[in-house]
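Scroll down for the structure; my scribbles are underneath it.
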Amino acid sequence: MPKKTSTYCNIYAVVSGIPRGSIATYGQIARLAGVPGHARLVGYALNALRGRTSIPWHRVVNAKGRISPRSGASSADILQRHRLEQEGVKFDESGRIPLDNFRW
DNA sequence: CCACTGACGAGTG
DNA sequence: GCACTCGCCAGTG
């Protein structure tokens with residue numbers, strides 16, 4: 001069953017499948033999408049969305065359980081954290097998320 | 001078509 | 001635990 005789908009499409013599908021209150025890392029998404037090692041593509045794919053889609057991009061964080069400090073507007077970082085807290089996700093004093101507890 | 005940039009991960013010192 | 005390096009792909013000008 002040759003899944004010729006663009007990696008990109010798979011990534012969106014996986015991220016969209018993240019249940020509310022759960023968190024996934026870029027590496028995890030890439031792995032589930034069938035492209036282990038290409039965590040960068042995941043981040044890039046989400047960035048390309050720019051919030052124009054219904055993809056819960058805020059449920060995706062880096063391997064350290066932290067919100068990636070992206071360039072441009074840091075407001076999105078704050079927005080992401082705020083949204084996660086609303087879903088029941090807790091942050092550490094260092095702004096980190098206990099992945100052991102929330103990992104998808 | 002070419003070059004630069006960009007939401008990361010894992011390994012090494 | 002932190003800092004630096006390499007690899008990887010897609011989008012924009």
Side-chain angles (χ1 to χ4, degrees):
Chain A
M1 164 287 211
K3 35 96 239 157
K4 241 18 219 115
T5 340
S6 294
T7 25
Y8 193 100
C9 212
N10 259 328
I11 292 167
Y12 295 146
V14 176
V15 177
S16 297
I18 301 176
R20 180 179 168 277
S22 292
I23 296 301
T25 65
Y26 292 98
Q28 178 103 40
I29 304 283
R31 204 171 147 89
L32 293 170
V35 286
H38 292 190
R40 257 192 174 196
L41 293 196
V42 179
Y44 196 73
L46 295 179
N47 187 28
L49 299 175
R50 276 179 144 194
R52 293 181 183 220
T53 51
S54 328
I55 308 290
W57 59 270
H58 57 267
R59 287 184 196 143
V60 187
V61 293
N62 60 24
K64 292 157 197 138
R66 267 202 269 209
I67 300 174
S68 301
R70 57 216 212 311
S71 38
S74 9
S75 338
D77 296 26
I78 302 167
L79 176 65
Q80 179 168 12
R81 174 168 173 161
H82 189 67
R83 267 185 140 170
L84 290 173
E85 287 185 309
Q86 280 185 83
E87 296 193 350
V89 179
K90 305 194 174 171
F91 284 75
D92 188 293
E93 298 283 314
S94 315
R96 285 197 254 185
I97 304 171
L99 292 174
D100 298 310
N101 223 15
F102 290 101
R103 205 176 212 181
W104 184 25

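Naming: A, B, ... by sequence-line order, numbering from 1 per chain.
For A:L32 and B:dG9, the CG to P distance is 14 Å, given to the nearest whole Å. Taking atom CD1 of A:I11 as the reference point, atom P of B:dG9 lies 13 Å away to the nearest angstrom.
Within the 4.5 Å cutoff, the side chain of A:V35 has no heavy atoms near those of the A:N10 side chain. Using a 4.5 Å heavy-atom cutoff, the side chains of A:I29 and A:I18 are in contact. Counting heavy atoms from C-beta on, the side chains of A:V14 and A:W104 come closer than 4.5 Å.
Every pair passing ring-ring contact (aromatic ring centres under 6.0 Å, His included) that includes a residue from residues 11-47 of chain A is listed here, sequence neighbours excluded: A:Y8-A:Y12.
Across A:D77 and A:P69, no two heavy atoms sit closer than the pair OD2-CA, 3.5 Å.
Contacts between residues 58-68 of chain A and DNA chain B, defined by a heavy-atom separation under 4.0 Å, are made by A:N62, A:A63, A:S68. For the segment residues 20-27 of chain A, residues with any heavy atom less than 4.0 angstrom from an atom of DNA chain B are, sorted by number, A:Y26, A:G27.
By the rule that hydrophobic residues join a cluster once side-chain heavy atoms approach within less than 4.5 Å of another member, A:I23 and A:L46 end up as members of separate clusters. Residues A:W57 and A:L41 fall within the same hydrophobic cluster, defined by Ile, Leu, Val, Met, Phe, Trp and Tyr side chains chained together at heavy-atom separations under 4.5 Å. At a threshold of 4.5 Å between side-chain heavy atoms, the hydrophobic network of Ile, Leu, Val, Met, Phe, Trp and Tyr places A:L49 and A:I11 in one connected group.
Remark: A:R31 engages no residue in a salt bridge (charged side-chain N to carboxylate O under 4.0 Å, His left out) (not counting sequence neighbours).
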Quiz prompt | Per-nucleotide protein contact string for nucleotides 8-13 of chain C (B base, S sugar-phosphate only, - none; heavy atom under 4.0 Å) | solution = BBBB--

Check: residues 80-90 of chain A side-chain donor-acceptor pairs under 3.5 Å, at least two apart:
from: A:Q80; atom 1: NE2; to: A:H58; atom 2: O; distance (Å): 2.9
from: A:Q80; atom 1: NE2; to: A:V60; atom 2: O; distance (Å): 3.0
from: A:E87; atom 1: OE1; to: A:G21; atom 2: N; distance (Å): 3.4
from: A:E87; atom 1: OE1; to: A:R59; atom 2: NE; distance (Å): 2.9
from: A:E87; atom 1: OE1; to: A:R59; atom 2: NH2; distance (Å): 3.3
from: A:E87; atom 1: OE2; to: A:H58; atom 2: NE2; distance (Å): 3.3
from: A:E87; atom 1: OE2; to: A:R59; atom 2: NH2; distance (Å): 2.8

